[in-house]
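Residue numbers begin at 1 in each chain, while the letters A, B, ... track the order of the sequences.
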2 protein chains.
Amino acid sequence: MTSQPAFKRADPDERRASLIAACARVLARDGAAGASVRAIALEAGVSPGLIGHYFGGVDALVAATYAQVETQVAAALDAAVAAAGSDPRARLEAYVCASLLPPIADSELLSTWIAFWSLVRARPEIASLHDEQYGRFRAGLAALLAEAGVPAPALRRTALAVTALVDGLWLELCLSPRTFGEGEAAAIARGSLSALISTARSAGSGNS
Amino acid sequence: MTSQPAFKRADPDERRASLIAACARVLARDGAAGASVRAIALEAGVSPGLIGHYFGGVDALVAATYAQVETQVAAALDAAVAAAGSDPRARLEAYVCASLLPPIADSELLSTWIAFWSLVRARPEIASLHDEQYGRFRAGLAALLAEAGVPAPALRRTALAVTALVDGLWLELCLSPRTFGEGEAAAIARGSLSALISTARSAGSGNS
DNA sequence: GCGCTTGTTATACGATCGTTCAACAAGCCG
DNA sequence: CGGCTTGTTGAACGATCGTATAACAAGCGC
C-alpha cells in the first residue's frame, strides 16, 4: 500500500472551471439557498477554503458561474443558427427553438438559470450580468427578425414579445417539465413565432 | 407618563395576515435568501417566536404567503374580466393585460413572485402550489380563448403560448423594469395576443 | 534525495440561521 | 380590584453560514 497523494495540484484555470461546474450543479440541485461554500466544495471534492482562495468569496463564484453558463448558452445558440444554413427564416427558427430543445433546455441548466433570476433583485453585479445577457439575446433576435423581413418599426416590440415567449416557456419547462410533451415547447414557439412575424410584416408600423 | 402596553394582543386572523404581509414585503425587498424568521418578525414589529407560534415554522409562513398572493392576483384578474363587460375579445384582453398593469404589475408583487419561483425546485409544497396556480391561470385563459373563437384543437397550444408570453413579460418587468415604457408591456401583450388568436382561428387544427 | 514554493487542507472564529420554551403581561371575567 | 387565561416576549440552543489563517504536503528545480 504505497500511500497515494491526498490531493493533487491542478492548473488554476482547470481548478476554477471545476469549481464553477460544481457551483452550477449545486445551484441546479438545491437552488440559490443551497449554494453554500461547504456544499460547493463538497460537490467539487475539495476543501472549502479553496473557494475563497480562487474567487475571494462565494458571491464572486456564483457570479462567475452565471457568466460561464451564459457564455455556454450563447455559443449553443450561435451554433444552431450557423447550422441552419442561409435561409433567414430557418436561421430565426433555429435561434428561437434552440433555447427550448436539448442541450439548452436541460433540467440542470434551467434550474441554474432560475437561481440566477432570484438573485437579480438583491445583487447588483448579478443584475448587470442579467441586463447584458438579456440585451445580447434581444439584439441577436432583432437582427434575425430584420433578416426575416420584420419592418424596422415593429422590430422592438416583436423582439420583446418573442423574448418573453421564450423566457416564459423556459420558465415553465423548468418549474414543471411534465406540462410539455417531447419537443412541444419548441413547437409552440415555432407556431407563435410564425404568427407574430407574419402579423408584424403585414401590419408594418401599426401601433398595437 | 402612564406606561403604555408593551404589546397588544391581536385577533389570530389579523395577526396571521399581518405576518403574511410582512413576509411578502421581505421577500420583495431581499429575495428568498432574506426571508429569515428574525427579518420577518422585525418587519412585522413582533418577536421572532410568534412566527413559530402561528405557522409552526418559517417554511409554512412562506407557503402561506404564496397562497395569499396568488389569491390576490386571481381576484384582481377576475375583477378585470368582470369590468370588461360581455364582449369576448374585451374580456380576453382584460385578463391578459391585467397581469401587466398596476396593481398586479407591481414591483413588490413581482419580486415576491420570483422568490416563489426560486423555491419551486427545492420545496415540494411550493411546487404543488405552483402547479395549481399555473393550471388555474391556464384554464381561465383557455375558457376566454374559446369564447373569443379559438377552435378547440388550437386551445391548448394557444393558452400555453399566451401564458408563456405573460410570464416572460412579467419576468422582465420585474428583473429590469426600465426595459419597458409606461404600459408598453401590456401593449406588446395585446398586440401579440391579437396575432396569436387570429392565426389560431384561421389555421384551425393545423399542427404548427 | 532535498529544499522550496505554493496549492491545498483543516480548523477556528463570529455572525446568523430556525426552533424551543420558561417567564411575562395584556386584557377579560367574576 | 384580583385572579386567570393565553398571546407574546426574549433568551438560549445547536446547526450552519462565510471568511481568515496556520499547518501541511505535492511536485518542481537542483
* To do: Report the nucleotide, chosen from C:dT8, C:dA10, D:dG10, that has the shortest atom-to-atom distance to any side-chain atom of B:Ser47.
  => D:dG10
* Examine A:Trp117 together with B:Trp117 and report whether their ring centres are nearer than 6.0 Å. => no
Tell me whether [X] is salt-bridged to [Y], with the criterion being a basic N under 4.0 Å from an acidic carboxylate O.
| X | Y | result |
| --- | --- | --- |
| B:Glu184 | A:Arg156 | yes |
| A:Arg29 | A:Glu43 | yes |
| B:Arg89 | B:Glu147 | no |

* Could you check whether the rings of B:Trp170 and B:Trp113 sit parallel, tilted or perpendicular, using 30° and 60° as the cut-offs? => tilted
Between [N] atom [atom2] and [X] atom [atom1], what is the distance in whole Å?
| X | N | atom1 | atom2 | value |
| --- | --- | --- | --- | --- |
| A:Arg16 | C:dT8 | CZ | C1' | 15 Å |
| A:Lys8 | D:dC28 | NZ | C1' | 17 Å |
| B:Ile40 | C:dG18 | CD1 | P | 8 Å |
| B:Phe7 | C:dC24 | CZ | P | 12 Å |
| A:Leu50 | D:dG18 | CG | C1' | 15 Å |
| A:Arg9 | D:dC28 | CZ | C1' | 9 Å |
| A:Leu42 | D:dT16 | CG | P | 13 Å |
| B:His53 | D:dT5 | NE2 | P | 16 Å |

* Classify the nucleic acid contact of A:Ala35 as base, sugar-phosphate or nothing, counting any heavy atom under 4.0 Å across all strands shown. => sugar-phosphate
* To do: Report which part of the nucleic acid A:Val58 touches: base, sugar-phosphate, or nothing (heavy-atom distance under 4.0 Å, all strands).
  => sugar-phosphate
Output yes when at least one side-chain N/O atom of [X] is less than 4.0 Å from OP1 or OP2 of [N], else no.
| X | N | result |
| --- | --- | --- |
| A:Tyr54 | C:dG7 | no |
| A:Arg15 | C:dT8 | yes |
| A:Ser36 | D:dC17 | yes |

* Select from B:Pro12 and A:Ala33 the residue whose nearest nucleotide in DNA chain D is closer to the 5' end of that strand. => B:Pro12
* Record whether the side chain of B:Arg38 comes under 3.5 Å of the base of C:dT16 through a donor-acceptor pair of N or O atoms. => no
* Select from A:Gly49 and B:Gly34 the residue whose nearest nucleotide in DNA chain C is closer to the 5' end of that strand. => A:Gly49
